[in-house]
Amino acid sequence: MMRSVALSPELREQSLEAMASEELDILVIGGGVVGAGSALDAATRGLKVGLVEARDFASGTSSRSSKLVHGGLRYLEMLDFRLVAEALKERGLLLQELAPHLVHPVAFLYPLQHRGWERLYAGSGVALYDAMSRISGRAGVPLHQHLTRRGARKLVPSLRKDALVGALKYYDAQVDDARHTMFIARTAAAYGAHVASRARVVELLREGERVTGAVVRDLENDRTVTIRAKQVVNATGVWTDETQSLGGQRGQFHVRASKGIHLVVPKDRIRSEVGMILRTEKSVLFVIPWGRHWIIGTTDTDWALDKAHPAASEADIDYLLEHVNAVLETPLTRSDVEGVYAGLRPLLEGESEATSKLSREHAVGHPAPGLVVVAGGKYTTYRIMAQDAVDEAVFGLSSQFDRVVGKSVTDKIPLLGAEGYHALLNSRHVLAQRSGLHEVWIEHLLKRYGSLVHELLDLVAADPGLGEPLAAAPDYLRVEAVYAASHEGARHLDDVLTRRIRLSIETFDRGVGAAEEVADLVGGVLGWSEEQRSLEIEHYRKRVEAERESQQMPDDATADAARLGAPDVVPLS
């Protein structure tokens, strides 16, 4: 079993020192799911690896997805069978082996609106989807079912009678994307990768036309570190073009940002036992179960404004409400919306000839000796993208330095917390008796930390007060805030409230009510002064205010301007 490593403040320091003192085989830029996946892939091939991220792990697209691990039913309609088969295989791997503690099956209802042909058409599509997941040898979810209108409304009493003539029920999977990405980075560290967040690449080093490393600004300590590497992997998603230009050259493929927004509403606003997938004139709309909430999304619009904080406008929110209300008996209103988040999809635009085009979805290129770029893709297939990127870097290592490196093994590498998860879930009553926590809390912790639950229970044993729920956010225990800073790489209040525990989207006050209590818990671990603590709380409040204001603006330009009213807690200039 892999020994757990904590993404602690000390480890971050050690990692930056180690990266500065020895030449790496591979330096990965970008701590989203593909960058973290690339670091894990390279580390498990026995390479010397560094991973740097300008902000927090998953702070870009990887914490703002629809939180689904899915084959992509609509890609079947586009006849992109290879992509669907690949994604379904990855879904099965994640559910059954790699991350069963973080990825869970979820049922969806697909309402049918036309008699006869639609049931045949959609039914054969879903049957093919199920068959493809079985062929991959890894299904991990039950088979689909056909339902009458009555059967469907029994599962979803909130559906309007005239919104459907029948339905299909099928299964996919969901994930807490930000936690999963952080777990990948943490697993990479356990296999020897040097990992540091809040470390921004400001320049790519070159000798002749060869890229030989990067100059990195340690934003927490305001110093610069030079990191040398035989290969640099640019996995910066929607920032690909900007990172590329640091090396003084134009990218060989261009990444366009497309904005998708999601709404979060309380569970009681829609009476349903399952999620829903609805057709819209442009694409599909998901209503996804999320603990005591529903996530409703998404949109798909071009975005050319600030990439760090994409803003959701009033028009975006109204679009989603209008489409979901078309099928609901009791319509949702603006006042039902607890949380809103917006993310940017990195879409590939105008490939040049030199790109090795690996699928319609992602591409890997080698624009200069020593530099590999990976872009595009979807969350579910992150492992394949990472494997392709590291394969390309290994090709560079073998042709340039005569290195022999093994093939990717990440399809057999469970993430930290995965091993023993099912056994612990079955025996949660034992953990409850030992720890004095209610079985419900043990289950909650297991589904967020897997077999690392022992690390949290040890903290509670040492300080029983940590076993209490947060006063303003009783869905989470106090120990989770402490653990986020001590073990999960959180450096700021924002990191904890937005990406470790999701209060920024799960409460009507967007986490503001819990800010002081969480700042006390986190500040204790990170050694905050009274001044720093006040700064963190003030920054978080301002961020929430700016987001709320942006969500009342009529369009992208005004929403973006309002959102930029709140500065980042660590100046990123």
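In this text the structure is predicted, and so the values were computed from the model without any measurement. Side-chain atoms are counted along with the backbone in the values below, which use heavy atoms only and exclude waters and symmetry mates.
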Look only at the side chain of [X] and the backbone of [Y], and say whether a donor-acceptor pair between them is shorter than 3.5 Å.
X	Y	result
S197	D56	no
R12	R198	yes
D302	A304	no
S158	R271	yes
E517	A471	yes
W294	P289	no
D495	R491	yes
R533	G523	no
H104	H101	yes

Just verifying a value: how many Å separate [X] [atom1] and [Y] [atom2], rounded to the nearest 0.5 Å?
X	Y	atom1	atom2	answer
M19	E17	CE	CD	10.5 Å
T498	Y540	OG1	OH	4.5 Å
E203	T226	CD	OG1	8.5 Å
I29	Q244	CD1	CD	9.5 Å
L344	W239	CG	CH2	7.0 Å
L459	S486	CG	OG	6.0 Å

### Message
Could you go through H180 and Y382, starting from their C-alpha distance and side-chain angles, then the distance that decides it, and tell me whether this counts as ring-ring contact (aromatic ring centres under 6.0 Å, His included)?
### Response
CA-CA 11 Å; H180 174 247; Y382 80 90; 5.3 Å; yes
### Task
Determine, step by step, whether E480 and H444 satisfy the side-chain contact (heavy atoms from CB on, under 4.5 Å) criterion, reporting the C-alpha distance in whole Å, the side-chain angles of both residues, the deciding distance to 0.1 Å, and the verdict.
CA-CA 11 Å; E480 296 184 75; H444 160 86; 2.8 Å; yes
### side-chain contact (heavy atoms from CB on, under 4.5 Å) evaluation trace for L477 with L445
CA-CA 9 Å; L477 294 176; L445 293 174; 4.1 Å; yes
pair [X]-[Y]: side-chain heavy atoms closer than 4.5 Å:
X	Y	result
L497	V518	yes
L446	Y421	yes
R478	V482	no
H492	H539	no
D336	L321	no
S63	Y341	no
T380	H70	yes
R64	I261	no

### Message
Which residue is it: L285, T280, I317, L320? I am looking for the one with a side chain to side chain contact (heavy atoms under 4.5 Å, CB included) to T299.
### Response
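With T299 as partner, side chain to side chain contact (heavy atoms under 4.5 Å, CB included) holds for just one option, L320.
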For [X] and [Y], which I'm curious about, is there any donor-acceptor pair between the side chains at under 3.5 Å?
X	Y	value
E10	S8	yes
R499	T181	no
R510	S504	no
W290	E506	yes
S313	D555	no
S66	H262	yes
Q551	E547	no
D41	S38	no
S65	D177	yes
S4	R186	yes

Closest heavy-atom contact between [X] and [Y]?
X	Y	value
V233	A389	CG1-CB, 4.3 Å
L27	A214	CD2-CB, 3.8 Å
A485	V522	CB-CG1, 3.9 Å
L98	T410	CD2-O, 3.6 Å
W441	D475	CZ3-O, 3.5 Å
V265	E338	C-OE1, 3.2 Å

For the pair [X] and [Y], find out whether any cationic side-chain nitrogen is under 4.0 Å from an anionic carboxylate oxygen.
X	Y	result
R543	D494	yes
D300	R345	yes
R223	E13	yes

### Query
Taking the six-membered ring of Y319, is NZ or CZ of K259 closer than 6.0 Å to its centre and within 45° of its axis?
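No, cation not above the ring by the 6.0 Å, 45° rule.
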### Message
Given the ring of Y449, does R179 sit roughly above its face, with NZ or CZ under 6.0 Å from the centre of the six-membered ring and within 45° of the axis?
### Response
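R179 over Y449 ring: yes.
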### Message
Under the criterion salt bridge (charged side-chain N to carboxylate O under 4.0 Å, His left out), I'd like the reasoning laid out for E549 against K542: C-alpha separation, chi angles, the key distance, then a yes or no.
### Response
CA-CA 10 Å; E549 193 186 338; K542 281 203 168 120; over 6 Å; no
### Task
Apply the test salt bridge (charged side-chain N to carboxylate O under 4.0 Å, His left out) to residues E545 and R541: give CA-CA distance (whole Å), side-chain angles for both, the deciding distance (0.1 Å), then the verdict.
CA-CA 6 Å; E545 267 167 44; R541 285 191 179 133; over 6 Å; no
### Query
Would D222 and R217 count as a salt bridge (charged side-chain N to carboxylate O under 4.0 Å, His left out) if you check the C-alpha gap in whole Å, the side-chain angles of each, and the deciding distance to 0.1 Å?
CA-CA 7 Å; D222 201 24; R217 186 117 201 106; 2.6 Å; yes
### Task
Take Y191 and V49 through the test side-chain contact (heavy atoms from CB on, under 4.5 Å) and record every step on the way to the result.
CA-CA 10 Å; Y191 282 101; V49 186; over 6 Å; no
### Task
Verify side-chain contact (heavy atoms from CB on, under 4.5 Å) between E90 and K378, making sure each step is shown before the conclusion.
CA-CA 12 Å; E90 292 302 306; K378 53 194 283 229; over 6 Å; no
### Task
Determine whether more than 12 heavy atoms belonging to other residues, nucleotides or ligands lie under 6.0 Å from atom CZ of R292.
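Result for CZ/R292: open.
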